[in-house]
> 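Supplied in structure tokens, the structure appears directly below.
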Amino acid sequence: MNYPHLLEPITIGTTTLRNRVVMGSMHTGLEDAFWNLPKLAAYFAERAKGGAGLIVTGGYSPNIRGHLKPLGSTMSNSLHAARHRLVTDAVHEHDGRIALQILHAGRYGYTPYSVSASNRKSPITPFRPTALSTKGVDRTATDFARSARLAQKAGYDGIEIMGSEGYLINQFLAARTNDRTDKWGGSAQKRMLFPLEIVRRTRELVGPDFLIGYRISLLDLVEGGQTWEETVELAKLLEAAGVDLLNTGIGWHEARVPTIITQVPPGAWRDYTARLKPEVDIAVCASNRINTPEMAESILAEGGADLVSMARPFLADPELVNKAAAGRADEINTCIACNQACLDHIFSNKMSSCLVNPRACRETTLILGPTRSRKRVAVVGAGPAGLSAAVSAAERGFATTLFEKSASLGGQFRLAMEVPGKEDFRETLRFYTRRLEVLGVDVRLSTEATADALAGFDEVIVSTGVTPRIPSFPGVDHAKVVRYDQVLDGSVQVGRRVAVIGAGGIGVDVSHFLTHSEGDLDDWMAHWGVGDPSLHRGGLTEKKPRTSPREVWLLQRKTTAIGRGLAKTSGWAHRAVLKDSGVHLVPGVSYDRVDDAGLHITVTSTSGGVTHEVLEVDHVVLCAGQESVRGLYDDLAGTDSVADGLHLIGGADIAAELDAKRAIAQGTRTVAAL
Ligand code: NAP
Ligand code: SF4
């Protein structure tokens with residue numbers, strides 16, 4: 001049997017799950033408006049059909065003051081409950097189980113009416129919360145319980161109380177945010193009263209046969225967070241109060257330690273769950289940065305948890321569990337922890353999706369329906385856009401041929417996976433390579449598609465990608481000057497002193513590549529200042545300095561702060577690594593020339609001061625963006641043979657701000673419209 005521990009049923013309280021895979025809570029944006037409930041139902045139904053043992057919804061507030069954003073998702077009256085029947089029925093139709101997550105945002109609420117344990121403002125939201133009155137806290141605990149009862153009426157199999165990630169419950173638990181002198185604060189035990197009352201009142205209202213889960217924060221990763229002993233005490237008291245299942249969370253949102261992005265080593269937090277498990281008798285679920293069935297199985301096999309939660313991996317592949325069970329794990333579209341289409345969207349108030357699966361949260365609108373057409377489809381170029389188009393075309397049933405000029409698949413993605421911390425990007429290439437094989441796509445590597453070779457095809461999708469932009473300044477052809485692709489693919493080895501021109505995503509990645517030194521998980525934790533929570537409150541300690549094998553200058557022409565345009569949920573971590581690695585960040589640069597002495601620059605400061613400098617570097621790496629490669633497209637557009645069925649996608653279409661998210665989505669959408 002494949003994954004025997006993962007696929008073994010489990011009974012929690014009185015609820016039996018068909019396996020130990022939890023689709024963890026993930027806000028998608030579909031929760032926030034009732035008219036999107038049919039889409040939410042379709043989204044969950046696909047995941048239930050795909051085998052998830054237990055699905056946990058995105059967070060629903062128990063009352064208005066707990067909103068994540070104005071008019072955000074709420075479960076506070078019987079109309080809400082009635083509408084949710086659609087969702088629970090859709091999951092039950094596929095023998096799945098589903099729990100509603102109840103989340104009160106507290107001071108993380110992006111609303112002027114947010115409340116918290118105190119009026120201390122969070123560093124990541126603009127609004128100062130109002131401190132709840134003593135009665136207000138009491139009412140809020142009752143609202144949680146009522147919300148749970150409504151979820152029960154809506155047909156949910158259980159609830160999960162969100163007690164981690166820095167939301168209201170954490171704000172009560174930590175002295176950092178709770179300076180109350182009434183019965184809800186003052187000592188660690190009094191600060192625990194709020195979650196315990198929530199659980200006690202919930203159990204009273206829902207009875208013994210309804211699953212109560214609680215997401216507990218194992219490591220707060222903020223100053224003034226809880227100690228390990230307090231966390232264990234809370235876990236035991238929660239169990240006594242009526243919790244059936246402890247899911248585990250790591251880090252408040254305001255923590256300055258990354259917990260789930262690509263650069264976090266997979267499985268980084270599993271040992272903390274394993275440390276909690278023997279302390280309680282109820283089921284414990286591991287979570288955070290677990291993205292493969294192999295990792296999940298090994299956690300269970302070692303006895304480190306009773307269940308494993310994966311949230312984003314279910315956006316990437318709804319069929320994750322069924323594929324694992326059928327011995328087709330090599331066909332799983334693995335989540336690469338990029339956050340680009342899920343959390344970055346949510347934090348920008350946009351609907352979630354997934355970079356590697358553009359159909360996520362678009363189940364009812366982006367449909368790759370089977371075709372009866374006998375059309376022949378050619379895709380030219382096997383970067384992310386072309387791979388997505390070729391696989392989508394074959395999935396629809398078109399006879400598909402994929403041409404690739406080089407000897408391997410992947411295009412720019414092949415470079416990205418060389419960046420330290422982006423190793424997971426290899427999984428996407430593995431997925432596409434295997435899918436092309438399974439779907440029987442005619443893949444022609446080392447083959448340049450010519451207009452003649454394409455003449456017999458009905459649809460030609462050109463995804464010939466990009467070429468690095470070569471800026472024009474004196475000495476750009478000097479031997480010291482190299483391109484980023486040559487550095488990342490290892491065809492040139494750069495010296496100890498390096499200037500990087502262009503501070504977009506690739507300039508930042510290249511700077512990281514050049515300054516990174518190998519280390520294990522302990523080193524990673526030490527560099528981010530993660531310590532033993534028994535010794536250090538919140539699990540935070542002094543950061544261990546990073547040592548860089550090179551001295552690097554990262555330069556840009558704009559006078560704005562370097563790295564400002566990076567992604568919302570990961571950009572801060574990339575900037576921190578560069579700073580800790582000693583990279584010199586220099587905005588306001590104009591490039592005068594390169595000669596044997598190095599790179600000559602003029603720097604204009606924000607105050608208007610001008611200085612001239614020579615950076616005595618061994619190499620200058622160009623990361624100045626890209627330009628589209630579309631010679632073939634222009635040739636084909638000028639002929640009659642395929643003009644009607646000619647499509648241009650990916651970087652060949654628009655090179656500016658090209659990213660894999662847009663490329664993959666465009667490949668899929670183009671084929672869906674054929
Ligand atoms: P990019 O984001 O467009 O950045 C290129 C930088 O080069 C620009 O910021 C620009 O800054 C500079 N530049 C442009 N023309 C120049 C010229 N003629 N001379 C000198 N400098 C010039 O492109 P990229 O870094 O190649 O990244 C491509 C895409 O890949 C990005 O849009 C991003 O979405 C994606 N990506 C993302 C990540 C990530 O999120 N971690 C990582 C890698 C790639 P100045 O004009 O101010 O100098
Ligand atoms: Fe995972 Fe990236 Fe997809 Fe989010 S967008 S689910 S992080 S692959």
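For ligands, and for the atoms within them, numbers begin at 1 and follow the listed sequence. Given the structure is predicted, the values throughout are model-derived calculations rather than measurements.
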> With heavy atoms of Leu355 as the reference, note each atom of ligand 2 found under 4.0 Å away.
3 (Fe), 5 (S)
> Atom 38 (C) of ligand 1: which of Gly505, Ala416, Gly565 has the nearest heavy atom?
Gly505
> Give the minimum heavy-atom separation between Thr334 and Val356, together with the two atoms involved.
O-CG2, 4.0 Å
> Counting both backbone and side chain atoms, is some N or O of Gly502 under 3.5 Å from an N or O of ligand 1?
no
> Check ligand 1 against Lys558 and write out every atom of the ligand that is under 4.0 Å from a heavy-atom position of the residue.
9 (O), 11 (O), 45 (P), 47 (O)
> Short N/O distance, under 3.5 Å, between Tyr591 and ligand 1?
no
> Could you tell me whether ligand 1 has any atom less than 4.0 Å away from a heavy atom of Leu566?
no
> Relative to each other, are the rings of Tyr108 and Trp252 parallel, tilted or perpendicular (30° and 60° limits)?
perpendicular
> Should you measure from each heavy atom of Asn339, which atoms of ligand 2 turn up under 4.0 Å away?
2 (Fe), 7 (S)
> Is it the side chain, the backbone, both or neither of Gln340 that has a heavy atom closer than 4.0 Å to ligand 1?
neither
> Do the ring planes of Trp528 and Trp572 sit parallel (below 30°), tilted (30 to 60°) or perpendicular (above 60°)?
perpendicular
> Of all the atoms in ligand 2, which lie at a distance below 4.0 Å from a heavy atom belonging to Cys342?
4 (Fe), 5 (S), 6 (S), 7 (S)
> Can His512 be said to touch ligand 1, with heavy atoms closer than 4.0 Å?
no
> Distance under 4.0 Å to a non-hydrogen atom of Arg469: what atoms of ligand 1 satisfy this?
14 (C), 15 (N), 18 (N)
> Among Leu622, Val500, Val510, which residue meets the side-chain contact (heavy atoms from CB on, under 4.5 Å) test with Tyr484?
Val510
> Give the numbers and elements of all ligand 2 atoms closer than 4.0 Å to a heavy atom of Ala337.
1 (Fe), 7 (S)
> List the atom of Glu404, the atom of Ser408, and the distance in Å for their closest heavy-atom pair.
CG-O, 3.5 Å
> Phe347 vs His253 aromatic rings, parallel, tilted or perpendicular, using cut-offs 30° and 60°?
perpendicular
> Regarding ligand 1, does Ile506 bring an N or O atom to under 3.5 Å of one of the ligand's N or O atoms?
yes
> What are the two closest heavy atoms between Ala329 and Arg430, and how far apart are they?
O-NH1, 4.1 Å
> Checking a contact table here: which protein heavy atom is nearest atom 1 (Fe) of ligand 2, and how many Å away?
Cys335 SG, 2.4 Å
> List every atom of ligand 1 that sits less than 4.0 Å from any heavy atom of Asp509, numbering the atoms from 1 in the order shown and giving each element.
42 (C), 43 (C)
> Tell me whether the count of non-hydrogen atoms from other residues, nucleotides or ligands lying under 6.0 Å of CD in Glu627 goes above 12.
yes
> Which atoms from ligand 2 have a heavy atom of Cys354 less than 4.0 Å away?
3 (Fe), 5 (S), 6 (S), 8 (S)
> Using every non-hydrogen atom in the two residues, find where Thr569 and Ile261 come nearest and quote the distance to one decimal.
O-CG2, 4.0 Å
> Record the part of Tyr484 in heavy-atom contact with ligand 1 below 4.0 Å; permitted values are side chain, backbone, both and neither.
neither
> How about His647 and Asp653: does a side-chain donor come under 3.5 Å of a side-chain acceptor?
no
> Going by the order shown, which atoms of ligand 1 are within less than 4.0 Å of some heavy atom of Pro471?
17 (C), 18 (N), 19 (N)
> Under the criterion side-chain contact (heavy atoms from CB on, under 4.5 Å), which of Asp509, Thr262, Ile506 is the partner of Val419?
Asp509
> Contact between Cys623 and ligand 1, counting heavy atoms under 4.0 Å?
yes
> Test your reading of the structure: does Gln556 have an N or O sitting under 3.5 Å from an N or O of ligand 1?
no
> Going by the closest heavy atom to atom 4 (O) of ligand 1, which one wins out of Ala573, Gly507, Gly504, Ala567?
Gly504
> For atom 39 (C) of ligand 1, which candidate among Arg557, Gln412, Lys422 holds the nearest heavy atom?
Lys422
> Check each heavy atom of Arg564 against ligand 1 and say whether those closer than 4.0 Å belong to the side chain, the backbone, both or neither.
neither
> Give the atoms of ligand 2, by number and element, whose distance to some non-hydrogen atom of Ile336 is under 4.0 Å.
1 (Fe), 8 (S)
> Looking at every heavy atom in both Arg312 and Cys342, which two are closest together, and how far apart are they?
CD-SG, 3.9 Å
> When rounded to the nearest 0.5 angstrom, what distance separates CD in Glu616 from CG in Leu599?
11.5 Å
> Can you list the atoms of ligand 1 that are under 4.0 Å from a heavy atom of Gln626?
26 (O), 28 (C)
> List the atom of Ala360, the atom of Leu315, and the distance in Å for their closest heavy-atom pair.
CB-O, 3.5 Å
> Within a 6.0 Å radius of atom NZ on Lys543, are there more than 12 heavy atoms belonging to other residues, nucleotides or ligands?
yes
> Is atom 1 (Fe) of ligand 2 less than 2.8 Å from at least one N/O/S atom of Cys338?
no
